[in-house]
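Residues: numbered from 1 along the sequence shown. As the structure is a prediction and not an experimental result, all values here were calculated from the model.
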Amino acid sequence: MKASTTSRTHHPGTGLRRPVVAPDAVGVQGALDDLGTDLRDVTFVVVDLETTGTAPATDAITEIGAVKVRGGEILGEFQTLVYPGGPVPPQITVLTGITTAMVVDAPRIEAVLPAFLEFAHGAVLVAHNARFDVGFLKAAARATDTPWPRFEVVDTVALARRVVPKDEVRNHRLGTLAQLFGATTVPDHRALSDARATVDVLHALLGRLAPWGITHLEDLASAVDPVAPAVRAKRHLADEMPRGPGVYMFHAPDGEVLYVGTSVDVRTRVRSYFTRAETRRRMTEMVTIAERVSAVPCATRLEAQVRELRLIAEHSPRYNRRSRFPERMPWVRLTDEPHPRLSIVTQVVAETEGAADAAGTGVRAEDVGTVAPAAPRREGAWHIGPFLSRRTAQAALEGLQSALDVRRCTRRLPLVARPGAAACPLLDLGRCAGPCVAGDDADGRASRAAHDAEVAAARSAMSDDPGSVVERMLARIMRYAAEERFEQAAVERDRIAAVVEGAARRERFAQMAACDELVAARARDDGAWEVVVVRHGRLAATAVAPVGTDPYLTIDAATATAEVVPPPVVPATAAHPEETLLLLDWLDSSDVRLVRTTHPFSCAVHGPGAYGALAAQARDARGAGDGAPAD
């Protein structure tokens, strides 16, 4: 590689010394998120600050100095005084030589910080006692509403403590280390001089670390907090990993899959498990056990995420926290009975007329009595969900029960009650129409009709319009608020959010489940197109149309070779819910284009989606932890 030749030009007002690169110069910088970057290819920006004190919250920056360096070559320098907004304290003037007169005409930090961040863009920040310097820079970014980039940070103090023993130096201050290593610049408490001295110290420290095998960026990170030898010894397991998106699996000596993960760069991610970047105790334990790593390259990140879910469901790895039944996300449903009730189930199944409750009641067949045929309806129609947790599903069920007088007992009831049947206390409390004791007389028929009306309202809320239920629940909240029963109002608020979220998700899942085929495409930054084929809510195929080719050729090939997916029971899709949620999130992206679909996608004007703002308001209030109801 040809070395870059640079000269420095100074830009008044900003303090920026920008390198001028010769036309024939060649410079290559590795991606900073690539943990395998050779240290010779890493661009470092060594920075030093002078300030009015030691507290970022109350003190201010008076000077910034920085040196950009790569492969031992200086690429540019940055230096400027900064007006701190007031006088420089006398003790700071004594220490640094910076006076109030020197900074009174200097630019303020809101003008300097963007210029520095542009200078340091894409580099690794280096500082001596980085917590101090980076802390002040971050505080300045917050004070000026300037976004702070996610810099890699190297602290030369931490490196020095690792490789320079105390019997060689009395301390690890910059001046002491600069003298030890014969730095060309003597630090003098001025920002640029100290930054130049820190560059020499950095190079000397890297020279000492090289014989230890620390030659890459991830090695440098692990040098200040050494990885266990048993873990470091397995770094070779990542050597054969592919670049790009995919799924990786750690295997035990007997072949057991210990852990499944995904990444946009599999090799980089797997290497990180053998460095300081991995801080989870469970993962360190897993890596210690693992003997082999395998990978499945994927065309797109979406495919990798879907494959990860499927592999977790297939292998149930013990080190994946979500490995237990990832497909079981609960639903709230209205049972198929003469007198339906609400229950929580883990899947939507096809049911015949008069079929027993899939959730199970434990009732013997001889105890059921005469059962009339259930009202005709679509299979699996009366559900809402799936919910992300059973707790949320329980909140939705309780919300529906609080708004509707649908029976809560779990017995399977005949259409007409047997003589002498007894009711539960809910009938006396006016919370149930009492179908369990409804005989064949006029009062019994009236009780059945009242319960049927509540069931009809539940069906409407669970399939079309939850408005009537939401209005009842809001009225309950208003009553609680008027009575200053704010805790009960907050509980009801959370129930509203659960009902609306479950109904809205049911609406979207039903549309995906009914769609025989959906084809969508997403434009990538490099000009290629990601093509996705979804059938009944399951990823059936994915491909990438390269730049310069007709994407429809790729689309036709993907649809021709896509997986054949049998129709599911609506509203459940043909995939487990987490996969469908991934696909819905991907389809919601602003850069995704719908190519064609066999089923129109639409939301009812007065459907669950109309209450999205109400659900969001309830979530925000719940997150804030207040006890009062939402406005």
Side-chain angles (χ1 to χ4, degrees), residues 242 244-247 262-264 296-314 326-327 329 348 378 380 385-386 504-604 607-609 612:
V247 180
T262 183
S263 177
V264 295
V296 181
C298 298
T300 63
R301 181 182 181 184
L302 177 65
E303 179 189 358
Q305 292 173 321
V306 169
R307 284 189 179 274
E308 179 192 28
L309 286 174
R310 294 179 183 178
L311 287 169
I312 289 175
E314 177 183 353
E327 73 282 3
M329 296 173 65
V348 178
R378 294 175 297 160
R505 194 172 291 128
R506 181 256 176 221
E507 182 178 47
R508 302 191 72 198
F509 268 59
Q511 291 178 349
M512 292 286 280
C515 184
D516 294 330
E517 182 176 277
L518 179 149
V519 181
R522 173 183 173 272
R524 299 200 315 196
D525 293 339
D526 60 1
W529 284 91
E530 295 180 359
V531 176
V532 167
V533 180
V534 180
R535 292 177 175 172
H536 300 297
R538 179 180 174 88
L539 180 64
T542 183
V544 176
V547 179
T549 63
D550 184 356
Y552 282 94
L553 296 177
T554 302
I555 291 171
D556 293 340
T559 54
T561 58
E563 177 186 358
V564 177
V565 180
V569 179
V570 179
T573 62
H576 65 65
E578 285 192 56
E579 178 175 333
T580 302
L581 288 173
L582 279 175
L583 294 174
L584 286 170
D585 288 342
W586 187 85
L587 290 170
D588 283 342
S589 301
S590 59
D591 53 352
V592 171
R593 299 293 179 264
L594 189 63
V595 178
R596 58 175 176 256
T597 178
T598 60
H599 184 275
F601 276 68
S602 61
C603 295

Can you check whether T580's main-chain N or O pairs, donor with acceptor, with T573's side chain at less than 3.5 Å?
no

Nearest heavy-atom pair of A299 and A543: which atoms, and what distance?
CB-CA, 4.5 Å

Non-hydrogen side-chain atoms of L539 and R310 separated by less than 4.5 Å:
yes

Note, T554 side chain near V544 side chain (heavy atom, < 4.5 Å):
no

For residues A572 and A513, report the shortest heavy-atom separation together with the two atoms involved.
O-CB, 3.2 Å

Report yes if some heavy atom in the side chain of V348 is under 4.5 Å from a heavy atom in the side chain of P571; otherwise report no.
yes

Kindly indicate whether the side chain of V570, heavy atoms from C-beta on, has any atom under 4.5 Å from the side chain of F509.
no

Which atoms form the tightest heavy-atom contact between L587 and A520, and what is the distance?
CD2-CB, 3.7 Å

Where H536 and P566 come nearest, the two heavy atoms and their spacing:
CD2-O, 3.9 Å

Side chain to side chain contact (heavy atoms under 4.5 Å, CB included) partners for P297, two or more places apart
P242

Here the side-chain hydrogen bond (donor to acceptor under 3.5 Å, both in side chains) pairs for residues 522-531, sequence neighbours left out, are R522-E530, R522-D591, R524-D526

Any idea which heavy atoms bring T598 and D516 closest together, and the distance?
OG1-N, 3.0 Å

How close do A304 and V247 get, heavy atom to heavy atom, and via which atoms?
O-CG2, 3.2 Å

Nearest 0.5 Å, what's the CZ-CG distance between R505 and L584?
9.5 Å

side-chain contact (heavy atoms from CB on, under 4.5 Å) for L302 and T542? Distances and angles first, verdict last.
CA-CA 9 Å; L302 177 65; T542 183; 5.8 Å; no

Contacts satisfying side-chain hydrogen bond (donor to acceptor under 3.5 Å, both in side chains) that involve residues 543-552 (not counting sequence neighbours) are none

Suppose we screen for side chain to side chain donor-acceptor pair (under 3.5 Å). Which residues come up paired with R535, at least two apart in sequence or across chains?
E517

Within the structure provided, determine whether R301 and Q305 are in side-chain contact (heavy-atom separation under 4.5 Å).
yes

Salt bridge check, E303 against R307: does any charged N sit closer than 4.0 Å to a carboxylate O?
yes

Would you call I312 and E578 a side-chain contact if the rule is heavy atoms closer than 4.5 Å?
no

Taking only residues two or more places apart in sequence or in another chain, which ones pass salt bridge (Lys or Arg N to Asp or Glu O under 4.0 Å) with D556?
R596

Any residue meeting side chain to side chain donor-acceptor pair (under 3.5 Å) with D585, in chain and number order, not counting sequence neighbours:
none

